[in-house]
Number of protein chains: 2
Amino acid sequence: MTQTSFSETAVQSDDRAMVIRDQLRDAIIEHRLVPGTKLSEAEVGKLFDVSRTVVRAALQSLTFEGLVRAERNRGAFVASPSPEEARQLFEARRQIEAGIARIAANQATAEAFARFDACLEEETRLLQERGPASRRAAIRASGEFHILLADVAGNPIMRRFMEELIARSSLVIALYGRTGASSCGHNEHGDIVAALRDRDAEGASRLVLTHIDHIETDLDLRSYAERPLREALLSVE
Amino acid sequence: MTQTSFSETAVQSDDRAMVIRDQLRDAIIEHRLVPGTKLSEAEVGKLFDVSRTVVRAALQSLTFEGLVRAERNRGAFVASPSPEEARQLFEARRQIEAGIARIAANQATAEAFARFDACLEEETRLLQERGPASRRAAIRASGEFHILLADVAGNPIMRRFMEELIARSSLVIALYGRTGASSCGHNEHGDIVAALRDRDAEGASRLVLTHIDHIETDLDLRSYAERPLREALLSVE
DNA sequence: ACATCACAGATTGCATACAATCTGACCGCC
DNA sequence: GGCGGTCAGATTGTATGCAATCTGTGATGT
């Protein structure tokens, strides 16, 4: 979707490890790999036909991003953010994305708006479709919008932070999402773009904040006591 | 200084790699390792008496943080942020630290203020001393203050971002720092703590912003054309 | 029947060996 | 003398082997 890949994040070395990293990352973001899933080095290595060395590098990379949890002598698992972590995540998103929106309002070029339009079209298209596959794609596209926002702001450092936050948000939605409408809301993305077009930095910032609030509201973070059980059930290898 | 170590950031596995990572990281932050220095796997491994495998993990970790630049089949080097990257870094810091200050103003406990006081005392003590060693320690202590701010805000995710930003700022100061007063200014840290004590979120946020502006002002980012030469000279192994 | 302990299987942690690649020097040629 | 190519050394990329650690099973004793 976005033409810039994740190469920003990573080393240009580690070709192979990066490919595996991105594949696993995509699978996690699209909820094909659910939280708690064990990522055995040997198994992953066999799937991608590489040695454990390369797999370890990829898993380490994902661990730094918070998408994978590594336990000593136990192995690596797809992360299962706690409700508390989820709250911290959204707090961080509010702080960072508000700033990004302000910057983007001043920086956005015509080319940027073209990308926004393409992204919005893709989103609405996917939302009209039904089925789990398009649900996944919709969550992904929703994330792409936020990353695009960071991209337009033109700060690679903040863009990388956003990538991490978005990816982890996807995990949170997988665990605590209620409707799945979390991803898009009532064309709030469109409203944000409109504010950007008006160069209304404060308006865009405010819209982003309420948008994130809406995403968070759609989560079920309250059932603190029950979660460990459900998590455990999902974690059964 | 701060009792919480960097364990937040990392995997609890990779004991040994983490130790090396932290040692290298500290050396970079304290300017004992200057930008451009080559970090040969074999050499580092010999120094710490571990195999290249462990060193690679440590270097990979530092690469993700942006403290090390890895070139395929060439090796790893202490990063040399460009002036452009430096600007982006401070832009990110303004966005993130302003938010952190607001949160910290509401969250700070008595225990937090005790830590602030200890940090400020340490800073002023180091500033009174002369010599390169205390200069290094001062830069380090200055960073610790900002991390402490993030710590008090109570959001581990933003804390981790701050750790990265502070570490990279130290690199930038090493490259472009003019006076070294970059680290502290005119007791601006103390003013920030005072605002926190007053629960003045907006005031604290504003003070943080001007503080970061002052740090950036003290840098010499203008001489774009000359830098590559100086950088190259510093990079001579 | 229950609890405890010991062992076997599996998985990760680490070191090392080999292959691929790059850098720099030397040599021949123009 | 300058330029280009080839080769040796060094360094990283990857695979694999062995040691350390953990999990779960089964036997044994109370």
Side-chain angles (χ1 to χ4, degrees), chain A residues 7 9-24 33 36-65 67-80 228 231-237, chain B residues 7 9-24 33 36-65 67-80 228 231-237:
Chain A
S7 58
T9 306
V11 217
Q12 64 258 47
S13 61
D14 288 358
D15 293 2
R16 221 109 61 90
M18 288 258 303
V19 172
I20 295 175
R21 183 195 93 125
D22 288 346
Q23 297 257 38
L24 289 175
L33 282 173
T37 306
K38 166 140 199 193
L39 301 171
S40 157
E41 294 178 0
E43 197 175 347
V44 176
K46 210 166 288 177
L47 281 172
F48 289 97
D49 198 47
V50 293
S51 81
R52 286 174 45 217
T53 308
V54 179
V55 176
R56 278 182 79 82
L59 292 178
Q60 193 188 354
S61 168
L62 290 168
T63 303
F64 289 131
E65 286 184 78
L67 292 183
V68 161
R69 169 179 44 92
E71 294 182 20
R72 168 125 193 151
N73 286 322
R74 290 275 331 269
F77 306 83
V78 178
S80 303
E231 200 172 292
L233 290 173
L234 283 175
S235 301
V236 173
E237 195 163 357
Chain B
S7 58
T9 306
V11 217
Q12 64 258 47
S13 60
D14 289 357
D15 293 1
R16 221 108 62 90
M18 287 259 303
V19 172
I20 295 175
R21 183 195 95 122
D22 288 346
Q23 297 257 35
L24 288 175
L33 283 172
T37 306
K38 167 143 197 188
L39 301 171
S40 159
E41 294 178 359
E43 198 175 347
V44 176
K46 208 164 291 177
L47 280 172
F48 289 97
D49 198 47
V50 293
S51 83
R52 284 176 46 218
T53 308
V54 179
V55 176
R56 278 182 78 80
L59 291 178
Q60 194 188 354
S61 167
L62 290 168
T63 303
F64 290 131
E65 287 184 78
L67 292 183
V68 161
R69 168 178 45 91
E71 293 182 23
R72 168 124 193 152
N73 285 323
R74 290 275 332 271
F77 306 82
V78 178
S80 303
E231 200 171 291
L233 290 173
L234 283 175
S235 302
V236 173
E237 196 165 353

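Everything numeric here is computed off the predicted structure, so don't read it as measured data. Residue numbers begin at 1 in each chain, while the letters A, B, ... track the order of the sequences.
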Whole-Å distance separating the CD atom of B/E71 from the C1' atom of C/dT21: 14 Å
Check: C/dG13 base within 3.5 Å donor-acceptor of A/R74 side chain: no
Spacing of A/D49 atom CG and A/I20 atom CD1 [to the nearest 0.5 Å]: 9.5 Å
Nearest-Å distance for atom pair CD/C1', residues A/Q60 and C/dC14: 14 Å
Nearest-angstrom distance from the residue atom CG of B/N73 to P of C/dG24: 14 Å
Under-4.0 Å side-chain N/O to phosphate OP1/OP2 contact, A/R16 with D/dT14: yes
A/F77 CZ to D/dT23 C1', straight-line distance once rounded to whole Å: 11 Å
Integer-rounded Å distance: D/dT11 C1' and B/E43 CD: 12 Å
Protein-nucleotide distance (B/R72, atom CZ; D/dA10, atom C1'), rounded to Å: 17 Å
Distance below 4.0 Å between A/R56 side-chain N/O and C/dG13 OP1 or OP2: yes
Spacing between B/L39 atom CG and D/dT11 atom P, to the nearest angstrom: 13 Å
Heavy-atom pair with the smallest gap, counting every atom of B/S80 and B/G36: OG-N, 3.5 Å
Distance, rounded to the nearest Å, where B/R52 contributes CZ and C/dC18 contributes C1': 11 Å
Given DNA chain C, 5'-ward residue of the pair A/T53 and A/G75, judged by closest heavy atom: A/G75
Minimum-distance pair of heavy atoms, taken over all atoms of A/V78 and A/R69: O-NH2, 4.3 Å
Side-chain donor/acceptor of B/Q60 to backbone N/O of A/A57, under 3.5 Å: yes
Candidates D/dT21, D/dT12, D/dA15 - which lies nearest the side chain of B/E41: D/dT12
